[in-house]
Chemist: 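Next up is a structure, given as structure tokens.
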Amino acid sequence: MTRSQPRLTAQAVSCWKTSFLSFRALFNWLAPGQFLLAMVATPIVELIFFAFLGSSLGVENCRFFLLGGAMLAACTPSIAGGVMALTSERHFGTFEHILVSRRTRSYLLLMRAIPYSLMGVVAAVLTLAAGMVALRVALSPGEVVTFVALLFFGCLASTFFGMTMGVLGLITSNVFLLMNVAISTISIGAALIVPLSVLPTWVQLASHVLPVRHVAEAVRNMGTRDFQGEILWNAGSELLVAAGWALVMLASFSRLESRMRREG
């Protein structure tokens, strides 16, 4: 092992500790009541509403809305958390500490996505369990494990997408409007609550760069003959989407930082 390898490892561990501490400090739903309302009760009600409405209209079956509702539940803490990971620094007056930090910006920002992505998976699992009971739709243990594993990639992409919105939130005042627009765009554009086939062609093409879109396509094919061949393709595509939004976020933050240092 070279001398630089332990240094990089120590830096990664230090950034992870910093990311976890910032998650605990900046996550606004740490109170049990707010947590249950925002990440458990609301997603479950949304899932049941769309399931009964869509089933009664003959749009899709309950399994479609069960998986879509669970994925939508994961987007709330992932996207909103990604936005707050940066904008809350400005709100609490600690953003300057990031700017004067000697640590590499890439490590510092990329590591921040991990806690919010894990929280998105937790919200999705809770919603999925409640939805299976409420809608009487059963998933096998293997399907649940596959769903969770694929969804982590989607949550990672959603968090980087949210952090990109968070960079915009550093120069705008209406942060919650950004979050609501982002979540609504993904819920429809990524075909979480409506089938992709009913969307316009240009939306179908644009959806390839949206988080969770490829995860949604993969999990809805669970149990089919073509699933084994599609899982690697969709997982890889979701990772590419996550990497793309991570690069956009880093480039946007770097440009904003240069502008702030130049203008004082």
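Sequence positions, counted from 1, serve as the residue numbers for this chain. Only heavy atoms go into these numbers, but all of them, side chains included; no hydrogens, no water, no symmetry mates.
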Chemist: Given Val83 and Met163, is the side chain to side chain contact (heavy atoms under 4.5 Å, CB included) satisfied, shown in steps?
Modeler: CA-CA 5 Å; Val83 172; Met163 293 179 73; over 6 Å; no

Chemist: Transitively linked via ILVMFWY side-chain contacts under 4.5 Å: Leu53 with Val59?
Modeler: yes

Chemist: Any Lys/Arg nitrogen of Arg63 or Glu143 sitting under 4.0 Å from an Asp/Glu carboxylate oxygen of the other?
Modeler: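 A salt bridge links Arg63 with Glu143.
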
Chemist: Report the C-alpha separation of Leu47 and Phe65 in whole Å, then their side-chain angles, then the decisive distance to 0.1 Å, and conclude whether the side chain to side chain contact (heavy atoms under 4.5 Å, CB included) test is met.
Modeler: CA-CA 7 Å; Leu47 186 154; Phe65 293 103; 5.8 Å; no

Chemist: Could you tell me whether a side-chain N or O of Glu46 sits under 3.5 Å from a main-chain N or O of Gly69, the two making a donor and an acceptor?
Modeler: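 No, the answer is negative, given that no donor and acceptor are paired below the 3.5 Å cut-off.
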
Chemist: Quick one: closest heavy-atom pair of Ile188 and Val194, and the distance?
Modeler: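 Reported closest heavy-atom pair: O-CG2, 3.9 Å.
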
Chemist: Where the side chain of Trp245 meets the backbone of Val209, is there a donor-acceptor pair that is under 3.5 Å apart?
Modeler: yes

Chemist: Return the CD1 to SG distance between Ile186 and Cys75, rounded to the nearest 0.5 Å.
Modeler: 5.0 Å

Chemist: So, taking the atom named CG in Leu118 and the one named SG in Cys155, what distance separates them when rounded to the nearest 0.5 Å?
Modeler: 8.5 Å

Chemist: To the nearest 0.5 Å, what is the distance between CG on Asn234 and CG on Asn221?
Modeler: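 If I round to the nearest 0.5 Å, the distance is 7.5 Å.
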
Chemist: Going hydrophobic residue to hydrophobic residue with side-chain gaps under 4.5 angstrom, can you get from Phe49 over to Ile183?
Modeler: yes

Chemist: Testing the basics here: between Ile193 and Leu72, what is the closest heavy-atom pair and its distance to 0.1 Å?
Modeler: CG2-CD2, 4.1 Å

Chemist: Is there a donor-acceptor contact under 3.5 Å from the side chain of Ser254 to the main chain of Ala251?
Modeler: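 Checking the backbone N and O of Ala251 against the side chain of Ser254, no donor-acceptor pair under 3.5 Å is found.
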
Chemist: Please check if Leu199 and Leu210 belong to a single hydrophobic cluster, counting links between Ile, Leu, Val, Met, Phe, Trp and Tyr side chain heavy atoms closer than 4.5 Å.
Modeler: no

Chemist: To the nearest 0.5 Å, tell me how far Leu150 CG sits from Glu217 CD.
Modeler: 11.5 Å

Chemist: Rounded to the nearest 0.5 Å, how far does CZ of Phe147 lie from CZ of Arg220?
Modeler: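 Between Arg220 CZ and Phe147 CZ, I get 9.5 Å after rounding to 0.5 Å.
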
Chemist: Can you name the nearest heavy-atom pair linking Pro195 to Glu60, along with the distance?
Modeler: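 Closest approach of Pro195 to Glu60: CG-CG, 3.7 Å.
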
Chemist: Parallel, tilted or perpendicular for His208 and His214, by the 30°/60° rule?
Modeler: tilted

Chemist: So do the side chains of Ser78 and Tyr116 get within less than 4.5 Å of each other, counting heavy atoms only?
Modeler: no

Chemist: What distance do Leu192 atom CG and Phe50 atom CZ have between them, rounded to the nearest 0.5 Å?
Modeler: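 Answer rounded to 0.5 Å: 10.0 Å.
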
Chemist: Would Leu239 and Ile114 show up in the same hydrophobic cluster when neighbours are defined by side-chain heavy atoms closer than 4.5 Å?
Modeler: yes

Chemist: Work out which heavy atom in Cys62 is nearest to a heavy atom in Ser55; give both atom names and the distance.
Modeler: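 Looking at all heavy atoms of both residues, the closest pair is SG-OG, 3.4 Å.
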
Chemist: Could you walk me through whether Thr146 and Val219 satisfy the side chain to side chain contact (heavy atoms under 4.5 Å, CB included) test, starting with their C-alpha distance in whole Å, then the side-chain angles of each, then the deciding distance to 0.1 Å, before giving a yes or no?
Modeler: CA-CA 8 Å; Thr146 302; Val219 298; 5.9 Å; no

Chemist: Looking at Ala190 and Val212, what are the two nearest heavy atoms and their distance?
Modeler: CB-C, 4.5 Å

Chemist: Is the side chain of Gln204 donor-acceptor paired with the backbone N or O of Leu196 at a distance under 3.5 Å, no angle test?
Modeler: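 Such a contact is found between Gln204 side chain and Leu196 backbone.
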
Chemist: Are Met71 and Val145 co-members of a hydrophobic cluster defined by side-chain heavy atoms under 4.5 Å apart?
Modeler: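 The answer is no; the residues belong to distinct hydrophobic clusters.
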
Chemist: Check each of Ile44, Thr76, Leu66 against Thr127 using the side-chain contact (heavy atoms from CB on, under 4.5 Å) test, and report the only one that passes.
Modeler: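 Answer after filtering Ile44, Thr76, Leu66: Ile44.
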
Chemist: Got a donor-acceptor contact below 3.5 angstrom from the Ser184 side chain to the Val181 backbone?
Modeler: no

Chemist: At their closest point, which heavy atom of Leu156 faces which heavy atom of Ala242, and how far apart are they?
Modeler: C-CB, 4.4 Å

Chemist: In sequence, state the C-alpha distance, the side-chain angles, and the governing distance for Leu128 and Leu139, and then conclude on side chain to side chain contact (heavy atoms under 4.5 Å, CB included).
Modeler: CA-CA 10 Å; Leu128 182 69; Leu139 298 179; 3.9 Å; yes

